[in-house]
Amino acid sequence: MLLLLAAALACVPYLAAQGAYEAQMHTVREQTAAKHRITVRSAGDAYGTVSRSGTQSAPVRWTDDRGVSRMGFADVPTGTALGERVRIWADASGEPTRPPLERRTAVEAAWFTGAVTALLLILVFLGARAAVTARFDRKRYEHWAAEWEVVEPQWSRRLSA
């Protein structure tokens, strides 16, 4: 049982992490293929809260592949001045979008999945151990009670005499 548990604790979290990594890397590859970088010009001041990546939303202007001037909102580096040129990510239709996921995201998902899987395995093992222990204890107490039913009358007679 312990060898099986050790094998499960080693293999199952690894396999779960590997599956999460592959799924995330599939998303990374899809997004990287579907998105591309374009150069835009800031059409106004950045506003809103600064994101973890150090960007803020700002109106931007650009010319698409057909030569049509377009305007939209995109995340630009904090402090981008009016009229400054900035590289942003665009989707297949040319609209500004968030950057594609990175390999780092897939690695983080894999570590998290592996850790949670290992934790769940340990909790399942401890729960099963508690259930088995409770079952054996109940049987042992029932056996002790049955023996006491036989022995107690003899002890009671001996003590009262």
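One-based numbering along the sequence shown.
Judged purely by atom type and a 3.5 angstrom limit, E30 has no side-chain atom pairing as donor or acceptor with the backbone of T27. Using a distance-only test at 3.5 Å, with no hydrogens or angles considered, no donor-acceptor pair links the side chain of T63 to the main chain of G67. Without hydrogens or angle criteria, T113 side chain to A109 main chain gives a donor-acceptor distance under 3.5 Å. Using modelled atom types, one side-chain atom of Q31 and one backbone atom of L101 make a donor-acceptor pair closer than 3.5 Å. For K139 (side chain) and A134 (main-chain N/O), no donor-acceptor pair under 3.5 Å exists by modelled atom type. Side-chain atoms of T78 come within 3.5 Å of backbone atoms of G54 as a donor-acceptor pair (strictly under, hydrogens ignored). The backbone N or O of G83 lies less than 3.5 Å from a partner atom in the side chain of R41, making a donor-acceptor pair.
Residues S93 and R70 approach most closely at O-NH1, 3.3 Å, considering heavy atoms. Summarising the geometry of A20 relative to A110, their closest heavy-atom pair is CB-CA, 4.3 Å, with the distance given to 0.1 Å. Across E84 and G79, no two heavy atoms sit closer than the pair OE1-O, 4.3 Å. When all heavy atoms are compared, the tightest approach of V76 to A46 is CG2-CB, 4.3 Å. Pairing each heavy atom of T97 with each of D91, the nearest pair is CG2-N, 3.6 Å. Across every non-hydrogen atom of G44 and L82, the tightest pair is N-CD1, 3.3 Å.
Using a 4.5 Å cut-off on side-chain heavy atoms (C-beta onward), V28 and P100 make no contact. Inter-residue side-chain proximity for P96 and W62 is flagged as met; some heavy-atom pair is nearer than 4.5 Å. At least one side-chain heavy atom of Q24 sits under 4.5 Å from a side-chain heavy atom of T105. Looking at heavy atoms from C-beta onward, S57 lies in side-chain contact with Y47 at the 4.5 angstrom threshold. Looking at heavy atoms from C-beta onward, Q56 lies out of side-chain contact with S51 at the 4.5 angstrom threshold. No side-chain heavy atom of I38 sits less than 4.5 Å from a side-chain heavy atom of R87. In this structure, the side chains of P13 and L121 come closer than 4.5 Å at one or more pairs of heavy atoms. In this structure, P59 and M71 have side chains that are in contact, with non-hydrogen atoms separated by less than 4.5 Å.
V60 is not connected to W89 by any chain of hydrophobic side-chain contacts under 4.5 Å among Ile, Leu, Val, Met, Phe, Trp and Tyr, and they are in different clusters. If you chain together hydrophobic residues whose side chains sit under 4.5 Å apart, V124 and V12 never meet in one group. Residues Y21 and W111 share a single hydrophobic cluster, defined by chaining ILVMFWY side chains whose heavy atoms lie under 4.5 Å apart.
Applying the 6.0 Å contact sphere to CZ of R135 captures no more than 12 heavy atoms from other residues, nucleotides or ligands. Within a 6.0 Å radius of CG in D137, more than 12 heavy atoms belonging to other residues, nucleotides or ligands are found. Other residues, nucleotides and ligands contribute more than 12 heavy atoms inside 6.0 Å of the CD atom of E142. Atom CZ of R103 has 12 or fewer heavy atoms from other residues, nucleotides or ligands within 6.0 Å. Shown here is W148, whose CH2 atom has more than 12 heavy atoms of other residues, nucleotides or ligands within 6.0 Å. Within 6.0 Å of CG on L123 lie more than 12 heavy atoms contributed by other residues, nucleotides or ligands. Within a 6.0 Å sphere centred on CZ of R37, other residues, nucleotides and ligands contribute more than 12 heavy atoms.
Here E95 contributes atom CD and D64 contributes atom CG; the two are 9.5 Å apart, rounded to the nearest 0.5 Å. The distance from the OG1 atom of T133 to the CZ atom of R140 is 9.5 Å, given to the nearest 0.5 Å. For the atom pair CD1 of I88 and OG1 of T55, the computed distance is 11.0 Å after rounding to the nearest 0.5 Å.
Judged by distance alone, the side chains of E22 and H26 never bring a donor and an acceptor atom under 3.5 Å apart.
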Tell me, with the steps shown, if V40 and R61 meet side chain to side chain contact (heavy atoms under 4.5 Å, CB included).
CA-CA 6 Å; V40 298; R61 212 178 277 271; over 6 Å; no
